[in-house]
Amino acid sequence: MDEEQKPLAAMLESVNIAESLDEQQLKDIGRDAEKGFTLDHQSRLDWEKNIDEWTKLAKQTIEPKTYPWPKASNIKYPLLSTAAMQFAARAYPSLVPSNGKIVNAKVIGKDPDGAKHQVAEAVSMYMSYQLLEEMDSWEEEMDKLLIMLPIVGTMFKKTYWDPLKEANCSHLVMPKNLVVNYWARSLKDAERISEILEVSPRKVKERQQSGLWLDIDFGKANQPEGTMNAPIVDETTPHMFIEQHTFLDLDDDGYAEPYIVTFEYNSGKLLRISRRYHLDDVKLKDDGKTIATIKPIQMYTKFGFIPNPDGSFYDIGFGILL
């Protein structure tokens, strides 16, 4: 192993890199991560207001009308809801066929004896089994995604290895819970991807006892306004965390490598730093010693409906047409 790769290999073996850093380093990294999240969130505030309006249209939320006179007739037709359900009804059978073969492996190159085709069939069958049988709620969440996609325009799926469950997982991420700079070109090119997590105190304890998170006491949760949960606070109210997929120069070589930083939103306290690359993803220069590039692991998949005319990252749905 080259000298340049030894620090990276050590990072790969660490369950939580934050345990090996001093308090000042943790504060600096946490502060920078929080600042980056705030900047990205502010860049898309207008888009979030549009999302709220489109959601009200789909839910046919009753709002008092004062024009042209107080308590004027206020009829809302379910145009958006009907269109969304019709889209989902057409798209679902194409993506989740009745024969259960969701994954179709492609044979590349010549295959005179059909050996590649047999391997492709086996891979397709096993991966389809993983999605439908081993991943909890995958099919249900895909159905939910296809109904909501034409309304809000952008949805996300997160696919990753869960060290607690010791299994591959794939679950739906709501667009307001995945914060990317509004003008980012794509998930691949984004410098930061921040997912808003709401984790109950019991599950926080599980992560701390397993060594995934630092053992920090946050006290009672204090949910910010506008979050998914009710404002009533008790011992089961979840804390709000930010899992940020970003780049850090932990080995001081002048090149920032891909890592995942997790911190508590209200306090800004950093809980975990984990690597976001495999050693095989490290590409060296011609000298065989200096790092040229590192390919990050991408956990998120974006589902877009209509590309936004302003060229931004977040796509639009039927809501804007109304």
Side-chain angles (χ1 to χ4, degrees), residues 1-2 4-21 29-30 32-33 36-37 40 103 105 123 126-127 130-131 134-136 138 141 145 154-175 177-181 184-197 199 207 210-213 241-251 253 255-263 270-285 290-304 313:
M1 184 180 298
D2 295 317
E4 287 284 339
Q5 291 181 288
K6 285 184 178 179
L8 298 178
M11 299 293 184
L12 287 173
E13 295 172 0
S14 177
V15 176
N16 185 0
I17 300 170
E19 293 179 343
S20 62
L21 303 180
I29 294 172
D32 291 343
F37 169 77
D40 293 340
V103 179
V123 170
Y126 178 64
M127 293 188 70
Q130 282 185 307
L131 293 175
E134 292 186 348
M135 292 185 180
D136 296 337
W138 183 91
E141 290 190 345
L145 181 150
T154 305
M155 297 291 288
F156 300 95
K157 275 270 194 160
K158 183 181 182 182
T159 307
Y160 62 102
W161 171 262
D162 190 327
L164 285 178
K165 296 180 179 179
E166 295 186 344
N168 291 319
C169 297
S170 179
H171 65 79
L172 185 65
V173 179
M174 304 301 291
N177 284 352
L178 195 74
V179 179
V180 180
N181 189 280
R185 294 182 59 185
S186 64
L187 281 173
K188 182 179 178 181
D189 295 327
E191 288 296 315
R192 285 181 300 268
I193 303 173
S194 303
E195 182 183 356
I196 300 173
L197 305 175
V199 186
R207 287 165 168 77
S210 63
L212 294 177
W213 287 5
F241 299 92
I242 307 298
E243 180 183 296
Q244 188 174 104
H245 295 228
T246 185
F247 298 86
L248 302 173
D249 184 15
L250 297 180
D251 54 359
D253 65 347
Y255 177 73
E257 295 87 15
Y259 290 97
I260 301 174
V261 176
T262 305
F263 63 93
L270 195 144
L271 290 154
R272 188 181 190 214
I273 300 176
S274 58
R275 50 88 179 171
R276 193 163 60 103
Y277 59 88
H278 299 297
L279 198 56
D280 293 340
D281 296 326
V282 179
K283 183 179 179 181
L284 301 179
K285 291 183 179 180
T290 309
I291 296 173
T293 61
I294 299 180
K295 180 183 177 183
I297 296 172
Q298 183 56 263
M299 298 183 183
Y300 299 99
T301 303
K302 176 186 174 184
F303 292 79
F313 172 78

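All values below were derived from every heavy atom in this structure, side-chain atoms included, with hydrogens, water molecules and symmetry-related copies excluded.
Checked against side-chain hydrogen bond (donor to acceptor under 3.5 Å, both in side chains), N181 has the following partners two or more places apart in sequence or in another chain: D40. For D162, there are no side-chain hydrogen bond (donor to acceptor under 3.5 Å, both in side chains) partners two or more places apart in sequence or in a different chain. Residues forming a side-chain contact (heavy atoms from CB on, under 4.5 Å) with A105 (at least two apart in sequence, or on another chain): A120, V123, S124. With sequence neighbours left out, W213 forms a ring pair (Phe, Tyr, Trp, His ring centres under 6.0 Å) with F241. Every residue was checked against the side-chain hydrogen bond (donor to acceptor under 3.5 Å, both in side chains) condition with T262, not counting sequence neighbours, and none meets it. Considering only residues two or more places apart in sequence or on other chains, R276 meets the side-chain hydrogen bond (donor to acceptor under 3.5 Å, both in side chains) condition with none of them.
The nearest pair of heavy atoms linking G36 to Q244 is C-NE2, 4.4 Å. For K157 against S170, the heavy-atom pair with the smallest separation is CD-OG, 3.8 Å. Nearest heavy-atom pair, Q298 versus L187, reported as atom, atom and distance to 0.1 Å: NE2-O, 3.4 Å. Looking at every heavy atom in both residues, P175 comes nearest to M155 through CD-SD, 3.5 Å.
Using a 4.5 Å heavy-atom cutoff, the side chains of L212 and P163 are in contact. Between F247 and E257 there is no side-chain heavy-atom pair separated by less than 4.5 Å. Within the 4.5 Å cutoff, no side-chain heavy atoms of T246 are placed close to those of I193. I294 places a side-chain heavy atom less than 4.5 Å from the side chain of Y255. Counting only heavy atoms from C-beta outward, the side chains of M299 and W161 never approach each other to under 4.5 Å. Looking only at side-chain heavy atoms (C-beta outward), E195 and V173 come within less than 4.5 Å of each other. Counting heavy atoms from C-beta outward, I260 and E243 have side chains that approach closer than 4.5 Å. Counting only heavy atoms from C-beta outward, the side chains of T290 and L284 never approach each other to under 4.5 Å.
The CD1 atom of I291 lies 6.0 Å from the CG atom of D251; values are rounded to the nearest 0.5 Å. The CZ atom of R275 sits 9.0 Å away from the CD1 atom of I17 when rounded to the nearest 0.5 Å. Note that CZ of R192 and CD1 of I242 are 12.5 Å apart. Values are rounded to the nearest 0.5 Å. Taking OG1 from T159 and CD1 from I297, the interatomic distance works out to 12.5 Å, rounded to the nearest 0.5 Å. Rounding to the nearest 0.5 Å gives a distance of 11.5 Å between CE of M174 and OG1 of T154. One distance of note links CD1 of I29 with CG of L21; it measures 5.5 Å at 0.5 Å rounding.
Surrounding CE of M135 are more than 12 heavy atoms belonging to other residues, nucleotides or ligands, all under 6.0 Å away.
With hydrogens and angles ignored, the 3.5 Å screen pairs a side-chain donor or acceptor of K302 with a backbone N or O of F313. A side-chain donor-acceptor contact under 3.5 Å links D281 to the backbone of H278. Side chain of N16 to main chain of S274: no donor-acceptor pair is present (N/O by atom type, distance under 3.5 Å, no hydrogens or angles).
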For side chain to side chain contact (heavy atoms under 4.5 Å, CB included), just list the numbers for H171 and E141, CA-CA rounded to whole Å, side-chain angles, deciding distance to a tenth of an Å, and then say yes or no.
CA-CA 7 Å; H171 65 79; E141 290 190 345; 3.4 Å; yes
Evaluate side chain to side chain contact (heavy atoms under 4.5 Å, CB included) for F303 paired with L145, printing each intermediate quantity in order.
CA-CA 9 Å; F303 292 79; L145 181 150; 3.8 Å; yes
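Applying the ring-ring contact (aromatic ring centres under 6.0 Å, His included) test between H245 and each of Y259, Y300, Y277 identifies Y300 as the sole match.
Stacking of K158 on the aromatic ring of Y160 is recorded, both the 6.0 Å distance cut-off and the 45° axial limit being met.
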